[in-house]
Amino acid sequence: MTLRHQLDDIDLRILEIISKNARIPFKDVAADVGVSRAAVHQRVNRMIELDVIVGSGYHIDPKKIDYKTCTYIGIFLEKGSLYSTVAEQLKTIPEIVECHYTTGQYAIFAKVYAKDNEHLKDILSDKIQKIGGIASTETFISLDETFKREVPIF
Amino acid sequence: MNDLHIEPLPNIDDLDEKILKLITKNARIPFLEVARECGVSGAAIHQRVQRLLNLGVVSGSEFLVNPQKLGYFTCAYMGIYLEKAKYHKTVVEELVKIPEIVECHYTTGSYAIFIKVQTKTNKHLKKLIDEDLQEIEGIARTETFISLEMEFKRQVPIK
C-alpha cells in the first residue's frame with residue numbers, strides 16, 4: 001500500500017536530501033528544510049519504521065573493484081511452477097545483483113556483474129545453467145551504463 | 001570517457017575491503033566504530049574513505065528509498081529498437097530527461113538500448129511509453145517486461 005499520503009512535504013524534502021548524501025549532518029538537513037534537528041531525526045526514524053527508507057550505504061562503482069562486465073540475463077524455465085526454487089538458487093550466486101519475476105517472454109530477469117567475459121561464461125555455464133528447471137538463457141551485455149539514478153521523490 | 005580499453009584498477013588492500021563491507025551496508029555508521037572493527041584509528045578510516053571516494057571506488061552515499069512506498073508500483077524493463085544505430089546519442093539525450101527512467105544501458109543483443117523504468121501505475125507506464133518514448137525521434141519500437149516481483153537487489157560482492 002502506498003504511504004505517500006502519510007508523508008508530507010517536509011518528509012519528502014528530507015528524503016530528497018538524504019537519498020543523495022547519507023552522511024550529511026542532520027543539523028544541515030534541519031537548516032535546509034527549516035525544522036529542528038530533533039525533528040529530522042524523528043522523521044527519518046519514522047520513515048525507517050514505515051519502510052520508506054530501507055537502509056543506507058555507500059555506492060560502489062563495480063568497475064573499480066574489477067567487475068567490468070555488466071549483463072542482463074533473461075531466463076526461460078522448463079515449467080512456470082519452478083520459479084520459486086530457481087529464484088532461491090539464483091540468490092546463492094553473489095554475482096547476481098538483481099532478480100525479477102517478469103511478464104513477457106522471459107520468466108526471470110536478472111542483472112549480473114562479472115569480472116570479465118570469461119568470468120561471465122563461468123557464471124552462466126557453471127552456475128546458472130546448472131540450476132535444475134532453467135531451460136535456457138539469453139544474455140544482453142551492457143557495453144555502457146549511460147546513467148543510473150533513484151526514482152524521483154517529488 | 002577516454003578509457004577505451006582497460007582502466008588500471010585502483011589498489012585496494014584488505015583493510016579497504018573491510019571498510020567497504022561495513023560502509024556499503026550502513027552509510028551512517030560512526031567511523032570510530034569502523035575503526036574499532038578494523039583495529040586502526042578513526043583518522044585512518046577517514047583517510048581511507050576519502051581515498052576510496054577520490055579513486056571513484058565509492059561514488060557517495062545514500063539512504064535507500066523503497067519505490068513502492070513512494071507510490072511507484074510498476075517496475076519495468078524495456079528494450080528499445082532504433083530506426084538507425086546512429087540515433088543512439090540523440091535518443092539517450094532525450095531519455096535522460098524522463099525522470100521515471102532510472103537506468104539506461106547500451107547493450108549487445110537484440111535491443112540497442114535497455115532501460116529500467118519506475119512508474120506509479122500501469123497507466124502511468126502506458127502514458128510514458130505513448131507520450132514520452134514513442135515521441136522521441138529515432139526510436140522504432142519498444143518491448144516491455146514488467147517486473148511482477150523483485151526477488152532481491154544488492155550490491156556487487158566485495159571480494
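In this text, all values refer to a predicted model and were calculated from it rather than measured experimentally. A note on names: the letters A, B, ... follow the listed sequences, proteins ahead of strands, and every chain is numbered from 1.
Here the CD-NE2 distance, from A:E145 to B:H105, works out to 4.5 Å after rounding to the nearest 0.5 Å. To the nearest 0.5 angstrom, A:D61 atom CG is 12.0 Å from B:L53 atom CG. To the nearest 0.5 Å, the span separating CG on B:L52 from CD1 on A:I60 amounts to 9.0 Å. Taken to the nearest 0.5 Å, the NZ atom of B:K89 stands 12.0 Å off from the OG1 atom of A:T146. Atoms CG and OG1, on A:L143 and B:T107 in that order, are 7.5 Å from each other to the nearest 0.5 Å.
Taking chain B as the reference chain and counting heavy-atom pairs below 4.5 Å, the highest number among A:E95, A:Q105, A:R149, A:K148 is found for A:R149. Heavy-atom pairs under 4.5 Å with chain A were tallied for B:E103, B:E100, B:K25; the largest tally goes to B:E103. Interface check for chain A: of the options B:V96, B:I113, B:I115, the most heavy-atom pairs under 4.5 Å are formed by B:V96. With chain A as partner, the option from B:V92, B:L95, B:I101 having the largest number of non-hydrogen pairs under 4.5 angstrom is B:I101. Most heavy-atom pairs under 4.5 Å with chain A: of the set B:S61, B:G56, B:P67, B:C75, this distinction falls to B:S61. The most heavy-atom pairs under 4.5 Å with chain B, out of A:I24, A:L15, A:I18, come from A:I18. With chain A as partner, the option from B:R154, B:Q155, B:K153 having the largest number of non-hydrogen pairs under 4.5 angstrom is B:R154. Your options are B:P99, B:A76, B:S110, and the one with the most heavy-atom pairs under 4.5 Å with chain A is B:P99.
Contact annotation for B:V49: only side-chain heavy atoms (C-beta onward) come within less than 4.5 Å of a heavy atom of chain A. Of the two parts of A:I93, only the backbone, made up of N, CA, C and O, holds a non-hydrogen atom closer than 4.5 Å to a non-hydrogen atom of chain B. Using a 4.5 Å cut-off between heavy atoms, B:I146 touches chain A through backbone and side chain atoms alike. With a threshold of 4.5 angstrom between heavy atoms, B:I98 approaches chain A through N, CA, C or O but not through any side-chain atom.
Other residues, nucleotides and ligands place no more than 12 heavy atoms under 6.0 Å from the CD atom of A:E118. In the displayed structure, B:N11 atom CG is contacted under 6.0 Å by at most 12 heavy atoms of other residues, nucleotides or ligands.
Of the possible polar contacts, none joining the A:Y113 side chain to the B:P157 backbone as a donor-acceptor pair under 3.5 Å is found. For A:E138 (side chain) and B:G109 (main-chain N/O), no donor-acceptor pair under 3.5 Å exists by modelled atom type. Remark: side-chain polar atoms of B:N66 are paired, donor with acceptor, to backbone N or O of A:D51 under 3.5 angstrom. At distances below 3.5 Å, at least one donor-acceptor pair connects side-chain atoms of A:K64 with backbone N or O atoms of B:L55.
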Would you check, one step at a time, whether the test side chain to side chain contact (heavy atoms under 4.5 Å, CB included) holds for A:S56 with B:L64? CA-CA 5 Å; A:S56 71; B:L64 303 173; 5.6 Å; no

For the pair B:K116 and A:K111, evaluate side chain to side chain contact (heavy atoms under 4.5 Å, CB included) and give the outcome as yes or no after the intermediate values. CA-CA 11 Å; B:K116 183 178 180 180; A:K111 184 177 183 180; over 6 Å; no

When you look at A:Y83 and B:E151, which way does the side chain to side chain donor-acceptor pair (under 3.5 Å) test go after all the steps? CA-CA 11 Å; A:Y83 169 73; B:E151 272 295 313; 2.9 Å; yes

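Both B:L128 and A:F147 are assigned to one and the same hydrophobic cluster, defined by single-linkage of ILVMFWY side chains at heavy-atom distances under 4.5 Å. In terms of hydrophobic clustering, with Ile, Leu, Val, Met, Phe, Trp and Tyr side chains grouped at heavy-atom distances under 4.5 Å, B:I136 and B:Y87 are assigned to a common cluster. Note on A:I73: it clusters hydrophobically with B:M78, by side-chain heavy-atom contacts below 4.5 Å among ILVMFWY residues. B:V57 and A:V97 end up in the same hydrophobic cluster when Ile, Leu, Val, Met, Phe, Trp and Tyr side chains are linked at under 4.5 Å. Linking ILVMFWY residues whenever their side-chain heavy atoms come closer than 4.5 Å, directly or via other members, leaves A:I108 and A:F76 in distinct clusters.
Just one residue in the list B:Y111, B:Y106, B:F145, B:F114 forms a ring pair (Phe, Tyr, Trp, His ring centres under 6.0 Å) with A:Y72, and that residue is B:F114. Of the candidates A:R23, A:K20, A:H59, B:E62 forms a side chain to side chain donor-acceptor pair (under 3.5 Å) with just one, namely A:H59. Looking at A:V112, A:D66, A:I65 one by one, the single match for side chain to side chain contact (heavy atoms under 4.5 Å, CB included) with B:V156 turns out to be A:I65.
Taking every heavy atom of both residues into account, B:T144 and A:T103 meet most closely at O-OG1, 4.5 Å. What you find for B:F152 and A:A87 is that their closest heavy atoms are CE2-O, 4.4 Å. Residue B:S147 comes nearest to A:T102 through the heavy atom pair CA-CG2, 3.8 Å, listed as atom of the first residue, atom of the second, then distance.
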